[in-house]
Amino acid sequence: MSYTPSQIEAKWQQKWDDEKAHEPDDTLDRKKKYILSMFPFPSGRLHMGHVRNYAIGDAFARYYRKQNFNVLHPIGWDAFGMPAENAAIKHGRHPKEWTYANIDYMRNELQALGLSFSKTREFATCDTLYTKWEQEFIIRMFEEGLLYRESTTVNWCNHCHTVLANEQVEEGCCWRCDNPVELKEMPGYYLDIIKYADDLLEDLKQLEGKWPNQVLTMQENWIGKSQGLEFEFELSKESKAKLGGNFETLSVFTTRPDTIYGVTYTALAAEHPITKYLLDNDLLDNDVAQKIVAITNMTEIERAKKGKEGYDLGLTVIHPLTQEEIPVWTANFVLASYGGGAVMAVPAHDERDFEFATKYQLPIKRVISGGETLPYTLEGKLENSESFTGMKNTEAKVHIISYFEDNTLGKGTTNYKLRNWGISRQRYWGAPIPFVHCESCGLVAEKIENLPITLPEDVEITGEGNPLEKHPTWKYCACPKCGKDAIRETDTLDTFVQSSWYQFRYATHPSRWNTTGIDKEDANYWLGVDQYIGGIEHAILHLLYARFFTKVLRDLGYHDVNEPFNHLLTQGMVLMDGAKMSKSKGNTVDPDALVEKYGADTARLFTLFAAPPAKELEWNDAAVEGAFRFIKKLYDRHTKVTAKTLPKIDQNTLSKEAKLARVKVYEALKKSKEVYEKTFAFNTLIAACMEALNALDKQDNSEVWTEGMYIMLNLLEPIIPHVATELSDSLFARENLEVQLEVKEEVFVQDSILYVVMIGGKKRTEIEVSPSASKDEILALAKEAGAKWLEGMHIVKEIVVPNKLVNLAVKSV
RNA sequence: GCGUCAGUGGUGGAACGGUAGACACGCUACCUUGAGGGGGUAGUGCCUUACGGGCGUGGAGGUUCAAAUCCUCUCUGACGCACCA
């Protein structure tokens with residue numbers, strides 16, 4: 001009987017389905033584990049990254065089931081999004097048809113890997129039943145003032161024909177297509193994530209040690225909290241007049257109020273209202289106006305590349321403390337979206353302001369002592385700062401803020417780099433935003449009983465314009481408030497909205513999916529996810545949005561969970577020849593072909609064995625063969641098993657080799673707990689099992705073999721479930737999979753212990769010592785064995801590490 | 001520039017401050033086989049004249065009886081952020 005993975009795997013996959021072996025209990029009274037791998041986008045086929053992701057998740061799920069937890073291990077489909085539309089453009093297939101066909105295909109691929117998903121909780125985010133509840137959440141957020149519509153400068157991808165959130169812009173380019181992002185003024189819907197910035201930042205502390213450090217710092221930096229002073233410069237009389245009385249003051253934010261006396265000019269973004277006013281009213285030289293317009297047409301990256309550039313706007317403001325008149329410039333490095341789009345410039349103590357001032361020969365005034373050259377950005381004492389002179393700058397910050405507050409000149413404020421989340425996309429294949437534009441009532445939310453607002457299916461997708469906009473009838477509707485003719489919103493929701501709450505949807509029992517979006521009791525029982533597994537590329541995007549949604553939905557009363565993912569494991573990428581696998585590079589490995597050739601168990605074993613999960617995984621065909629060989633060998637050894645139950649073994653009757661084999665088997669068992677609950681180093685658990693099998697092979701006691709196989713099959717079941725279950729079934733009637741194995745400490749008791757003898761910190765020789773030997777006896781033996789190296793030396797210190805080694809520190813006489 | 005992580009054989013990777021290189025791949029020799037595949041046995045960090053040594057975890061210091069592991073500095077690489085005032 002030789003190992004035939006295809007037969008074994010099909011057999012057990014069928015059995016598990018028939019037995020509904022992987023469904024969680026409906027009653028919520030056992031201790032639980034919620035194991036979740038990030039759900040896939042139904043692109044058409046699985047790739048090796050998916051295999052790795054789900055192999056890791058499945059190992060956890062199967063392990064905890066064995067530990068008698070009620071385990072929720074669901075799968076679904078992140079099914080809205082651009083590629084479906086692109087496929088429609090390219091192949092003329094309707095996005096819906098394309099998406100569901102892909103799901104059917106990929107579901108079979110997952111099935112072939114033997115993943116222990118709950119089948120009853122599967123859904124696709126494009127299911128209208130999912131959209132329905134999502135639209136309800138969106139409306140509730142609108143009612144709570146967390147969602148608003150405004151027209152502002154947005155990131156626009158001209159290739160994808162849609163707006164992007166700040167988080168979706170990578171180095172100035174679109175996260176999806178990598179084309180440069182343009183800035184464009186457009187209306188859109190925003191979620192007030194800044195309102196939750198402090199909550200999101202604070203709760204990162206709870207995740208310390210449970211999420212990778214890297215992800216925590218990335219989120220912290222992304223939120224970018226900074227504290228400082230917000231105050232207003234009054235415009236000079238002439239400047240007010242020039243601006244037609246439309247502006248009285250210029251508001252700025254600074255984190256360095258201690259440098260306030262060093263301000264020598266102010267700088268506005270090209271998009272600042274004052275700059276705009278000057279442009280719109282022809283108040284600038286033609287030449288300058290053109291240059292400023294050119295800046296507004298540049299992306300942030302282009303501006304950065306161009307270097308610092310600015311123009312005197314011919315305006316002045318009054319310094320609030322010194323009453324000096326200060327020029328107002330516009331500068332290409334001032335961000336419109338942060339701190340009101342205006343800054344006070346302190347060239348002596350800020351590198352950017354210094355560079356700019358030097359270029360345009362603006363005055364530079366030192367107000368903090370220290371260092372020889374300017375700009376000086378470190379700590380020091382204030383100078384040239386009236387009554388604050390002599391104060392340490394760190395203290396001056398606090399005092400100057402209070403001074404501003406006491407004299408109602410400004411106030412201490414907190415600013416965040418985090419921008420509010422723009423959630424509207426000008427695309428077809430997404431969840432419709434459930435609002436209506438009414439001439440009399442303005443922006444009106446759809447009535448809850450009218451949900452879901454679904455997509456029309458009779459659309460033509462060309463890539464030009466928004467199909468919802470162009471549809472002949474879809475957008476015409478009645479105002480939910482007054483009943484008059486109105487226009488339905490044609491933007492759809494960012495797909496990251498769907499993945500922000502799917503963890504709650506899985507937790508909700510499917511029998512309640514029709515009646516509720518999130519069942520509170522279910523959610524409170526299952527959440528947070530005990531182990532979340534996914535790629536590091538979601539460190540900010542998805543993981544921040546999902547945390548935000550969790551908190552918002554909590555505050556809306558849907559559940560009582562603060563954080564969605566208690567433990568996060570970010571898996572490394574799968575590489576081939578040192579590069580990420582990709583179709584364009586032609587360095588992919590097809591999971592289907594792999595499963596066909598070697599079986600799912602080999603595919604899973606290799607991905608878990610070749611590297612620890614957090615690290616990158618270098619593909620190696622030869623090592624796959626190695627994994628296959630191990631399984632074959634394990635399978636071959638079924639003939640060594642002679643009993644159907646765990647034998648009772650008398651340790652005293654065993655050969656040295658048999659004793660060693662037992663040690664290796666029980667070491668693997670010990671390792672198992674540590675790996676699943678602490679280190680996640682599946683590679684070392686597999687190595688321990690390999691060692692155990694190698695050691696078993698070196699002896700021929702059938703009881704030791706039986707015990708070894710009984711335990712090893714149990715340990716390996718989460719990793720290579722088909723072959724482990726097959727053997728467990730035929731050899732032990734699967735009883736070995738159901739027991740809680742206990743480590744037998746007596747196995748580790750040895751007749752003699754090998755001590756390493758180190759002299760002067762170097763390993764010199766070894767001695768065998770009886771376990772009952774005293775420290776002095778051990779030392780005596782060590783000195784005798786090491787006599788050769790002790791000649792001409794005298795011993796300074798004697799160290800005995802129990803069961804390990806002796807170290808004799810020596811000095812020459 | 002800032003932040004995070006990582007540097008160990010030919011390769012993937014192991015090592016609660018306690019024998020560096022487990023396990024696996026690859027390679028070498030031999031055995032099995034008509035050959036190939038498959039299986040088995042032994043070996044495999046580097047240097048050295050075999051014994052015996054010496055050197056070795058990117059580099060330089062330090063703490064310690066003992067450092068891949070802890071500390072300081074430094075170099076290299078990956079990833080993230082990037083004019084956030």
Side-chain angles (χ1 to χ4, degrees), chain A residues 2 170-172 212-222 224-226 228-229 252-256 259 266-267 300-301 303-304 307-308 331-335 337-346 349-353 355-356 415-419 536-537 539-540 570 572-573 575 578 605-606 609-612 614-627 629-630 632-633 636 674 681 683-694 697 754-766 788 795-810:
Chain A
S2 66
E170 295 171 350
E171 299 187 5
N213 239 328
Q214 194 188 168
V215 177
L216 295 176
T217 30
M218 278 168 77
Q219 293 220 348
E220 193 183 324
N221 294 340
W222 190 264
K225 182 176 181 170
S226 61
L229 171 70
V252 299
F253 172 76
T254 180
T255 55
R256 294 296 307 273
T259 63
T266 63
E300 284 185 13
I301 290 270
R303 295 184 201 192
K308 298 209 176 7
N332 67 344
F333 65 91
V334 178
L335 301 175
S337 58
Y338 185 82
V343 297
M344 66 175 215
V346 186
H349 304 291
D350 182 284
E351 286 176 19
R352 295 154 303 182
D353 297 344
E355 193 187 328
F356 192 81
N415 247 315
Y416 301 92
K417 280 199 217 176
L418 183 68
R419 303 289 85 217
I536 186 99
E537 65 272 19
I540 302 213
T570 49
M573 284 190 301
L575 305 179
L605 182 67
F606 170 75
F609 179 59
K615 277 192 80 163
E616 292 176 334
L617 169 65
E618 178 69 36
W619 193 263
N620 180 341
D621 285 327
V624 176
E625 293 273 358
R629 273 205 291 273
F630 171 72
K632 266 199 301 192
K633 186 166 157 185
D636 268 1
E674 177 190 311
N683 54 330
T684 62
L685 174 59
I686 295 164
C689 289
M690 288 173 168
E691 281 189 69
L693 189 57
N694 290 345
D697 252 338
L754 196 67
Y755 274 75
V756 165
V757 178
M758 296 173 81
I759 293 165
K762 282 179 187 161
K763 181 195 166 185
R764 290 304 184 186
T765 184
E766 291 169 349
K788 183 172 160 188
I795 298 170
V796 186
K797 197 163 184 179
E798 298 166 339
I799 309 284
V800 178
V801 181
N803 302 322
K804 284 255 161 81
L805 57 79
V806 176
N807 191 4
L808 304 172
V810 291

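Residue numbers start from 1 in every chain, and the chains themselves are labelled A, B, ... in the order their sequence lines are given, proteins ahead of strands.
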- prompt: Hey, is the side chain of Arg629(A) poking within less than 4.0 Å of OP1 or OP2 on G40(B), counting only N and O atoms?
  reply: no

- prompt: How would you label the contact of Asp353(A) with the nucleic acid (heavy atoms, under 4.0 Å): base, sugar-phosphate, or nothing?
  reply: nothing

message: Rounded to whole Å, please give me the gap between NZ in Lys762(A) and C1' in G52(B).
response: 14 Å

- prompt: Who are the side-chain hydrogen bond (donor to acceptor under 3.5 Å, both in side chains) partners of Glu625(A), not counting sequence neighbours?
  reply: Tyr598(A)

- prompt: OH of Tyr416(A) versus C1' of A85(B): gap in Å, rounded?
  reply: 17 Å

- prompt: With respect to the side chain of Leu805(A), which nucleotide from G52(B), A85(B), U19(B) is positioned closest?
  reply: U19(B)

message: I want to check one thing: is the phosphate of U19(B), taken as OP1 and OP2, less than 4.0 Å away from some side-chain N or O of Asn807(A)?
response: no

- request: To the nearest 0.5 Å, tell me how far Lys804(A) NZ sits from Met758(A) CE.
  value: 12.5 Å

- line: Correct closest heavy-atom pair for Asp350(A) and Asp353(A) would be OD1-N, 3.0 Å

message: Heavy atoms from C-beta onward define the side chain here; which of C83(B), A85(B), A24(B) lies closest to that of Glu300(A)?
response: C83(B)

- line: chi for G9(B) classified (syn = within 90 degrees of 0, anti otherwise) as syn

- request: Could I get the full list of side-chain hydrogen bond (donor to acceptor under 3.5 Å, both in side chains) partners for Asn694(A), not counting sequence neighbours?
  value: Lys633(A)

query: Rounding to a whole Å, what distance do you find between Lys633(A):NZ and G39(B):P?
result: 10 Å

query: Rounding to the closest angstrom, what is the interatomic distance between A14(B) and G59(B) at atom C1'?
result: 24 Å

- request: Provide, to the nearest angstrom, the distance between the NE2 atom belonging to His349(A) and the P atom belonging to C83(B).
  value: 23 Å

message: Taking only the P atom of each, what is the distance from C27(B) to G36(B) in whole angstrom?
response: 15 Å

- prompt: With sequence neighbours excluded, what pairs up with Asp621(A) under the side-chain hydrogen bond (donor to acceptor under 3.5 Å, both in side chains) test?
  reply: Trp619(A)

- request: Measure from the side chain of Ala687(A), starting at C-beta and using heavy atoms only, and say which of A22(B), U19(B), C65(B) lies closest.
  value: A22(B)

task: Please figure out whether Gly760(A) or Met573(A) has its closest RNA chain B nucleotide nearer the 5' end.
output: Gly760(A)

message: I'd like to check Val334(A) versus Val343(A) (side-chain heavy atoms, cut-off strictly below 4.5 Å). Are they in contact?
response: yes

query: On a whole-Å scale, what distance lies between the P atoms belonging to C2(B) and U48(B)?
result: 45 Å

- prompt: Just by distance, with hydrogens left out, do Ser226(A) and Tyr338(A) show a side-chain donor and acceptor under 3.5 Å apart?
  reply: yes

message: Using side-chain heavy atoms (C-beta onward) and a distance below 4.5 Å, is Met344(A) in contact with Thr259(A)?
response: yes

- request: Please state the C1' separation for the pair G62(B) and U69(B) - nearest whole angstrom.
  value: 15 Å

query: Hey, does Ile799(A) have a side-chain heavy atom less than 4.5 Å from the side chain of Val806(A)?
result: no

query: So what does Gly626(A) touch, heavy atoms closer than 4.0 Å: a base, only the sugar-phosphate, or nothing?
result: sugar-phosphate

message: In whole Å, measure the gap between the C1' atoms of G37(B) and G54(B) for me.
response: 44 Å

task: Do nucleotides 2-16 of chain B as a string where each nucleotide becomes B, S or -: B if the base has a protein heavy atom under 4.0 Å, S if just the sugar-phosphate does, - if no protein is that close.
output: -SSS------SSSSB

message: Looking at Phe356(A), I'd like to know if the NZ or CZ of Lys308(A) sits under 6.0 Å from its six-membered ring centre while staying within 45 degrees of the ring's axis.
response: no

task: May I ask you to test the Val800(A)-Tyr755(A) pair for a side-chain heavy-atom distance under 4.5 Å?
output: yes

query: Are Glu300(A) and Leu335(A) close enough that some pair of their side-chain heavy atoms sits under 4.5 Å apart?
result: yes

field: Length of the line joining Glu220(A):CD and G80(B):C1', which is rounded to integer Å
entry: 14 Å

field: Annotated protein contacts, base or backbone, on nucleotides 42-47 of chain B with a non-hydrogen cut-off under 4.0 Å, one of B, S, - each
entry: ------

- prompt: Using atom C1' of each nucleotide, how far apart are G10(B) and C75(B) to the nearest Å?
  reply: 24 Å

query: In Å, rounded to the nearest 0.5 Å, how long is the span from CZ of Phe630(A) to CD1 of Ile686(A)?
result: 8.0 Å

Interatomic distance where CD belongs to Glu355(A) and C1' belongs to G1(B) [whole Å]: 13 Å

field: Separation of C83(B) P from Asn415(A) CG (nearest whole Å)
entry: 16 Å

Residue Glu351(A) excluded, over 12 heavy atoms near CD under 6.0 Å: no

task: Please work out if Arg419(A) contacts a base, only the sugar-phosphate, or nothing of the nucleic acid, heavy-atom cut-off 4.0 Å.
output: nothing

message: Mind checking if Val796(A) touches a base, just sugar-phosphate, or nothing, with heavy atoms under 4.0 Å?
response: nothing

message: Between A66(B) and G17(B), how far apart are the two C1' atoms, rounded to whole Å?
response: 8 Å

- prompt: Looking at the side chain of Phe253(A), which of A85(B), G26(B), A22(B) is the nearest nucleotide?
  reply: A85(B)

message: Is it the case that the base of C81(B) and the side chain of Lys417(A) share a donor-acceptor contact (distance under 3.5 Å, atom types as modelled)?
response: no

Nearest to side-chain heavy atoms of Tyr338(A), which nucleotide of A66(B), G38(B), A85(B): A85(B)

query: Which nucleotide sits closest to the side chain of Trp222(A): A85(B), C83(B), A82(B)?
result: A82(B)

field: Secondary structure of RNA chain B in dot-bracket form (Watson-Crick or G-U wobble, distances below 3.5 Å, | marking inter-strand pairs)
entry: (((((((..(((.....[....)))(((((((.....)))))))((((...))))..(((((..]....))))))))))))....

statement: Separation of A24(B) atom C1' from Asp621(A) atom CG, nearest Å, is 15 Å

query: Which part of the nucleic acid, if any, lies within contact of Ser337(A), taking any heavy atom under 4.0 Å across all strands shown: a base, the sugar-phosphate backbone alone, or nothing?
result: nothing

- prompt: How far, in whole Å, is G18(B) from C51(B) if one measures between their P atoms?
  reply: 30 Å

statement: Here the gap from Leu754(A) atom CG to Glu766(A) atom CD, rounded to the nearest 0.5 Å, amounts to 4.5 Å

